[in-house]
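Right, one structure below, let's go through it.
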Amino acid sequence: MKALIVDVLRHRVGKDERAAKPHDWFQAAVLSVRDKIIDQWFASTRRTYDEGGKRVYYLSMEFLIGRLMRDAMSNLGLTRDVENALRDHGFDLAQLEDLEPDAALGNGGLGRLAACFMESLATLDIPAYGYGIRYVNGMFRQRVDDGWQVELPETWLAHGNPWEFDRRESAYRVGFGGEVLEANGGVTWRPAEQVEASAVDTPVVGWRGARVNTLRLWTASALDPLRLDAFNAGDHAGALAEQVKADSLVRVLYPADNTPAGQELRLRQEFFFSSASIQDILRRHVQYHGDVRSLPEKAAIQLNDTHPSVAVAELMRLLIDVYGLEFDEAWDVTKATIAYTNHTLLPEALESWPLPLFERLLPRHMQIVYAINSRVLREAGRAGMSGEQIAAISLIDEGGERRVRMANLAFVGAHSVNGVAALHTELMKSTVFSDLHALYPTRINNKTNGVTPRRWLQQCNPGLTKVIREGIGDAFLDDAEKLTDLNALAGDAQFGERLAEVKRANKVALAAHLKQVMGIRLNPDALFDVQIKRIHEYKRQLLNLVETVALYDQIRSHPERDWVPRVKILGGKAAPSYHNAKLIIKLTNDIARRINSDPSVGGLLKVVFVPNYNVSFAEKIIPAADLSEQISTAGMEASGTGNMKFALNGALTIGTLDGANIEIKDRVGDDNIVIFGLTADEVNEKRANGYNPREIIEGNRELRQAVNAIASGVFSPDDPDRYKGLMGGLYDHDWFMLCADFDSYTQGQRKVDAIWQDEALWRKSAIHNIANVGWFSSDRTIGEYAREIWGVK
Ligand code: 26V
């Protein structure tokens, strides 16, 4: 490895050892590791072709990969070698790793899930391709200026991307607009505009190098990138206009999470990548298997949410217009190939497009959507459904401005529709999809999410991994469910001591990092209480903040009590147009400034808002967390995956009966998790039968004082009215039921304090958490998809 790295440094990076800067060494190390991957990559591809088996295609607008260096080294078993080689050259691997930018091609949970799934697919030796967009600017970089979020473009490609391979030979034309021509029985779509999609491939290595799969991201270029005639005539900008338009397709990731962008560019992005992916899948299939009719035997296409659901219409169009299948036959092939995963029930997040826009951009697809719709509505009619039910099933929303409903299109075009946690799947059946479920009662199924234990245990927490290996051996490295052997060590004081030492070391490391990036000093012996995730009202960062203010009050009124020292760590990005989310970030910082500078709390309470939370930051924070905040309004968080990562790293959870929290509770046991608040049924019942938050506030002194303090400007003396509206919302409607859950949340937090004060009890609980969440490995999840949806071994 040492010789290889020097060779690469000289001949491919083009630097000699004496002139090379740290970044050059990093580049050389990456390329050296990449060389080891490539042989495996070719071998995997060849094996798939030889075996002629079924392939899985995961279509996702988002892949939130983060860094790849450690992942690749660790999965190939090269970490030690690279570390030693670099040390011999005078470099520390950990420092060089920090030079790698995050590939942040996603917003949050949905994108990170796609990345975990890619790694598990390779680990389970399943031939698979991820398909997405190679955004030039991924998730924005968040700066905090005077407490406010400021968005800056993320330039992850500034120094090139050593992991990717241009595949210009894999290029497809994608059309927009134009007209549909009918001639001698056939239909052709004559688009008004065309762009070229070309593939950029990144290898994805499975654990122990089991397989290397491909993440294929599309980039766009104009068919005629420089119009020389225009250029020579002096129109230098006009000559580039088409290229600029093509660039815009892959320029930015839409930074909204759970609220549709509703803009034409977004629909163009969706069609661009869906069309290129479907064309690529069909080309590969026809090349190796000859006939498109056998597609379902050789290909399984999974739609990650509705973002790629126009693929249903695109596959139909290609099968009918290009490959000459009859509509019925094409429909059978499409449904047997495609499956759809839903990731949210929030009504505002369900995508739909104004019909005139859809028709103008995709006229042929509009016809196909109508044809599918009339078929589906006929089936509903034959099943004896009411007019109201039929209207709910329709692919077209006829209420007011007519719109195409992408979730309904995905639902009817798929043979499987899955939710991402047990509660979420049941709610899909009873709420948004109730009528579609009545018509197709076997289609909805559950696949509870998971996370890859390679990144989220082994790589991010080597200390803990080592202690576990000493305790139960190595079997858990290949099968996370073997972590249950740790249950036998829950009462072992020595083992508990070693775990506590690792946790403390991780907290010291995090504190050092935060000292460096924010200049704040934290006590590693305090309880690290963490809420990191996108900022959204349903996730209820505000509940955490109001409770923090109440606690601050209590500590000041009763300084003599035996308070548990706490550090409240919050982090996350707000959608740039989401006013309240941005205000919540400012409030966090306003509260932090006041509390952190108040000598009367004597260091018992600190509040930290970590700027620019991303995957790499999560890898530093999660191993150092004692308490994981999973406090969404019940029924609103589809699954959550952060909850799993924290438990796997030995944090206790304080959470509601929402998403996967419920399944975590079932596994770790009621004594090892702190559950509070209304159930999803109770939330519904309250919303239906009238809910009076004002009465609750008036009846609860702690809550009232905290809310009024925030509302009256105690934390914002420079602008006392800043939080009037936000707090007024709690009095008036409190849609997310913060007030209803405040009291039981507070009690939950005091229960956390009590467990913390019993050191042995806390350690035992932490062990039970680590021991019993191996089931939330994405290997288990992908195994279920493979067996129950895709039919692959
Ligand atoms: C919707 C839209 C609408 C158009 C603009 C861009 C955009 C981006 C994302 C979304 C939907 C996001 C849905 C999502 O991330 N859901 C999360 O999925 C996780 C993985 O299943 C799950 O753990 C979280 O609970 C769920 O919120």
May I have all residue pairs that pass salt bridge (Lys or Arg N to Asp or Glu O under 4.0 Å) and include part of [range], sequence neighbours excluded?
| range | value |
| --- | --- |
| residues 743-756 | Glu547-Arg750, Arg566-Asp753, Arg750-Asp753 |
| residues 596-608 | Arg556-Asp598 |
| residues 608-622 | Asp98-Lys620, Arg455-Glu619 |
| residues 26-37 | Arg12-Asp35 |

Please test His343 against Ser639 for side-chain contact (heavy atoms from CB on, under 4.5 Å), starting from the C-alpha separation and ending with a verdict. CA-CA 8 Å; His343 294 269; Ser639 164; over 6 Å; no
Less than 4.5 Å apart, any side-chain heavy atom of [X] and any of [Y]?
| X | Y | answer |
| --- | --- | --- |
| Glu17 | Leu9 | yes |
| Ile37 | Leu76 | yes |
| Asn107 | Arg534 | yes |
| Gln27 | Val30 | no |
| Leu93 | Met73 | yes |

Using modelled atom types only, decide if a donor and an acceptor are shared between the side chain of [X] and the backbone of [Y] within a distance under 3.5 Å.
| X | Y | answer |
| --- | --- | --- |
| Asp741 | Phe676 | no |
| Asp102 | Ala104 | no |
| Arg594 | Phe715 | no |
| Gln554 | Glu702 | no |
| Glu663 | Ala422 | yes |
| Gln531 | Lys539 | yes |
| Asp485 | Glu481 | no |
| Ser778 | Thr452 | yes |
| Asn649 | Pro623 | no |
| Thr781 | Thr448 | yes |

Show the numbers, then the answer: is there a side-chain contact (heavy atoms from CB on, under 4.5 Å) between Leu587 and Leu542? CA-CA 9 Å; Leu587 176 59; Leu542 201 49; 3.6 Å; yes
Assess whether side-chain contact (heavy atoms from CB on, under 4.5 Å) is satisfied between Thr656 and Tyr745, documenting all intermediate values. CA-CA 9 Å; Thr656 47; Tyr745 179 57; over 6 Å; no
Pairwise distance [atom1]([X]) to [atom2]([Y]) - rounded to 0.5 angstrom:
| X | Y | atom1 | atom2 | result |
| --- | --- | --- | --- | --- |
| Leu648 | Asn461 | CG | CG | 8.5 Å |
| Met118 | Ile65 | CE | CD1 | 8.5 Å |
| Arg211 | Asn75 | CZ | CG | 14.5 Å |
| Gln95 | Leu86 | CD | CG | 11.0 Å |
| Lys515 | Leu510 | NZ | CG | 14.0 Å |
| Asn614 | Met139 | CG | CE | 10.0 Å |

[X]-[Y] side chain donor-acceptor pair, cut-off 3.5 Å:
| X | Y | result |
| --- | --- | --- |
| Lys2 | Asn84 | no |
| Asn661 | Gln630 | no |
| Glu154 | Gln142 | no |
| Ser632 | Asp658 | yes |
| Lys573 | Asn612 | yes |

Could you list the residues that satisfy side chain to side chain contact (heavy atoms under 4.5 Å, CB included) with [X], not counting sequence neighbours?
| X | answer |
| --- | --- |
| Ala651 | Ala625, Ser628, Phe646 |
| Leu105 | Tyr135, Trp156, Leu217 |
| Thr123 | Glu119, Trp207, Arg454, Asp779 |
| Arg504 | Val508, Pro524, Asp525 |

What verdict does the side-chain contact (heavy atoms from CB on, under 4.5 Å) test give for Val607 and Thr548, after you've listed the backbone C-alpha separation in whole Å, the side-chain angles of each residue and the deciding distance to 0.1 Å? CA-CA 9 Å; Val607 180; Thr548 301; 3.8 Å; yes
Do other residues, nucleotides or ligands put more than 12 heavy atoms under 6.0 Å from Glu759 CD? no
Any cation-pi pair here, Lys482 with Phe476, using under 6.0 Å and within 45°? no
Could you tell me if Arg667 sits above the aromatic ring of Phe776, with its cationic atom closer than 6.0 Å to the ring centre and no more than 45 degrees from the axis? yes
For Asp671, all residues meeting salt bridge (charged side-chain N to carboxylate O under 4.0 Å, His left out), sequence neighbours excluded: none
For the residue pair His23 and His159, does the interplanar ring angle fall in the parallel (under 30°), tilted (30 to 60°) or perpendicular (over 60°) class? tilted
Sequence-distant partners of Arg498, side-chain hydrogen bond (donor to acceptor under 3.5 Å, both in side chains), two or more places apart: Glu470
Test of understanding: with side-chain hydrogen bond (donor to acceptor under 3.5 Å, both in side chains), list the residues that count as partners of Thr588, not counting sequence neighbours. none
Measure from the ring center of His536 to the ring center of Tyr538 and say whether it is less than 6.0 Å. yes
Using the ring centroid of each side chain, check whether Tyr785 and Phe117 are separated by less than 6.0 Å. yes
Which pairs pass ring pair (Phe, Tyr, Trp, His ring centres under 6.0 Å) with one or both residues in residues 585-630, sequence neighbours excluded? His513-Phe617
Lys/Arg-Asp/Glu bridge criterion (N-O < 4.0 Å) met for Arg540, Glu629: no
Are the charged groups of Arg67 and Asp71 less than 4.0 angstrom apart, N to O? no
Which of Ile595, Ile591, Val608, Asn544 passes side chain to side chain contact (heavy atoms under 4.5 Å, CB included) with Lys568? It is Asn544
Of Val601, Leu605, Leu604, which is the lone residue that meets side chain to side chain contact (heavy atoms under 4.5 Å, CB included) with Pro565? Leu604
